[in-house]
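The structure under discussion appears below in the form of structure tokens.
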Amino acid sequence: MKRMLAVILLGLMAPSMAGCGSGATSSVKSTVSSVDTSTESKKTTDEAEVPSIARDTPAADEYEQLGDTYVRQGNWTLALLQYDRALKSAPRHARVQHKKYLLFLANGLHADAVAGFRSLVRDEPHDSHAWEGLGRSLFQGGQEVKAEEALRQAVQENARLWRAHALLGVLYDLRQEHGQAVSAYRTALELKPDRLELRNNLGHAYYLMGDYRQAIEEFESAKKRGYSEAAIHNNLGLALAKTGAYRDALAAFRLGGTEPQAFNNLGTVYLEAGQAAHAMVCFQKAIDANPKFDQRANEQLAVAQSVLRQERTRRTLRQEQGANVCL
């Protein structure tokens with residue numbers, strides 16, 4: 001879950017899970033959406049992510065604009081070349097530096113991005129965008145404690161940095177401080193209501209708190225507004241299942257993946273709820289829907305059969321509640 005941030009954030013950050021983990025004891029996991037893309041859709045430079053600084057640097061500005069064009073075309077190499085040329089003309093051009101380091105981040109060069117943003121905050125300790133960039137770079141590099149420090153500094157300098165608030169929400173969730181995560185996501189949403197992945201992440205935080213009704217409300221709200229990523233459907237399915245609405249959960253899982261994945265997910269939910277007999281039916285349906293399904297349903301079916309054998313041995317076999325919706 002830690003690197004699915006995104007999400008997100010997002011962005012937070014963050015990718016989307018559509019099924020179970022590996023192994024016989026795997027479970028379906030609620031996930032956040034990534035909100036930490038360093039350039040929007042990796043095609044455009046998000047001007048809101050860099051400081052708007054007017055400078056009398058015509059040559060540098062021309063190179064910068066050319067670099068932006070290459071970013072939109074997805075040509076990172078030529079974009080970096082133009083940004084480097086701009087910085088040769090104006091070495092302290094903060095906006096171009098931001099764009100260069102964000103490109104490092106987009107290409108997985110976390111250490112280079114961290115070094116770049118660190119140099120910026122040393123030179124300009126009140127540059128909120130530099131602190132945010134440092135936090136994002138540290139987060140993607142797995143340095144979560146330092147990332148939180150940088151992001152806190154970013155919002156202290158500029159409380160309107162929605163992405164920083166969103167990434168803080170992810171960090172709070174990772175620390176199981178879900179109440180704080182809810183607050184951070186809500187702040188991010190107030191600043192950026194059109195980023196529907198944030199509403200998915202808010203629902204995820206409520207789910208982790210055990211407030212399944214509120215989680216369902218947030219997931220449904222994101223769907224109604226047009227968010228259609230697989231994560232939102234699977235997260236909704238998990239929350240619905242926690243309230244006992246298994247039929248609706250199966251419908252949500254179907255929207256979040258293939259038919260075998262949907263049956264497998266519901267089977268896992270049944271198994272975790274202690275309803276091994278219902279789980280067996282669902283796992284078998286997953287196998288019937290696609291005999292080549294990647295062994296997860298077979299593994300989980302074996303687990304459910306083992307649970308039933310243990311119950312018979314202990315003579316604790318019971319009638320399971322409700323109709324099996326996989327039938």
Side-chain angles (χ1 to χ4, degrees), residues 1-4 6-7 14-34 200 203-204 207-208 212 215-216 219-220 222-223 227-327:
M1 184 185 82
K2 294 175 81 169
R3 296 297 159 243
M4 282 294 94
V7 187
S16 297
M17 186 282 314
C20 304
S22 60
T25 60
S26 62
S27 61
V28 188
K29 301 295 184 184
S30 174
T31 59
V32 294
S33 300
S34 175
N200 173 66
H204 168 77
Y207 177 89
L208 294 175
Y212 304 121
I216 290 169
F219 296 142
E220 291 282 15
K223 281 181 57 183
Y227 193 65
S228 59
E229 296 294 322
I232 197 74
H233 301 297
N234 286 314
N235 288 348
L236 176 59
L238 288 169
L240 288 165
K242 287 292 188 179
T243 67
Y246 292 112
R247 191 173 301 280
D248 292 336
L250 180 60
F253 287 143
R254 280 174 164 147
L255 292 174
T258 65
E259 189 82 349
Q261 286 172 333
F263 283 127
N264 186 66
N265 285 356
L266 187 58
T268 302
V269 168
Y270 271 136
L271 188 57
E272 291 181 341
Q275 301 192 53
H278 283 348
M280 284 177 58
V281 174
C282 295
F283 293 138
Q284 189 60 59
K285 291 283 285 187
I287 296 167
D288 292 344
N290 182 2
K292 295 181 180 180
F293 191 52
D294 62 4
Q295 296 303 309
R296 285 179 291 179
N298 285 285
E299 292 169 358
Q300 298 289 66
L301 177 59
V303 172
Q305 291 170 333
S306 175
V307 170
L308 281 179
R309 284 195 299 271
Q310 292 172 19
E311 288 183 353
R312 289 192 180 99
T313 300
R314 294 194 301 266
R315 296 184 180 180
T316 59
L317 198 62
R318 57 185 173 77
Q319 182 67 37
E320 294 181 357
Q321 299 298 311
N324 190 315
V325 303
C326 288
L327 289 173

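- A distance of 4.5 Å separates CG of N264 from OG1 of T268, quoted to the nearest 0.5 Å.
- By the side-chain contact (heavy atoms from CB on, under 4.5 Å) test, K242 is found to be paired with Y207, Y212, residues two or more places apart in sequence or in another chain being considered.
- Interatomic distance, OH of Y246 versus CG of L240, reported as 11.5 Å (0.5 Å rounding).
- The CZ atom of F219 sits 4.0 Å away from atom CG of N235, with the distance rounded to the nearest 0.5 Å.
- In terms of the side-chain contact (heavy atoms from CB on, under 4.5 Å) criterion, residue partners of A289 (sequence neighbours excluded) are, by chain and number, E259, P260.
- Closest non-hydrogen pair, L250 versus A262, comes out as CD1-O, 3.8 Å.
- In this structure, F283 and L271 approach most closely via the heavy-atom pair CE1-CD2, 4.3 Å.
- Sorted pairs that involve residues 260-271 and meet salt bridge (Lys or Arg N to Asp or Glu O under 4.0 Å), not counting sequence neighbours, are lacking altogether.
- Nearest heavy atom pair, residue G203 against residue A215, reads O-CB, 3.4 Å.
- Once rounded to the nearest 0.5 Å, the distance linking CG of L266 with CZ of R247 reads 10.0 Å.
- Rounding to the nearest 0.5 Å gives a distance of 14.0 Å between CZ of R254 and NE2 of H233.
- With a 4.5 Å cut-off on side-chain heavy atoms, N200 and E229 do not count as touching.
- The distance from atom CG of N265 to atom CG of N234, rounded to the nearest 0.5 Å, is 5.5 Å.
- When side chains are defined from C-beta on, V281 does not count as touching Y270, because their heavy atoms never get closer than 4.5 Å.
- Side-chain polar atoms of Q284 and D288 form a donor-acceptor pair below 3.5 angstrom.
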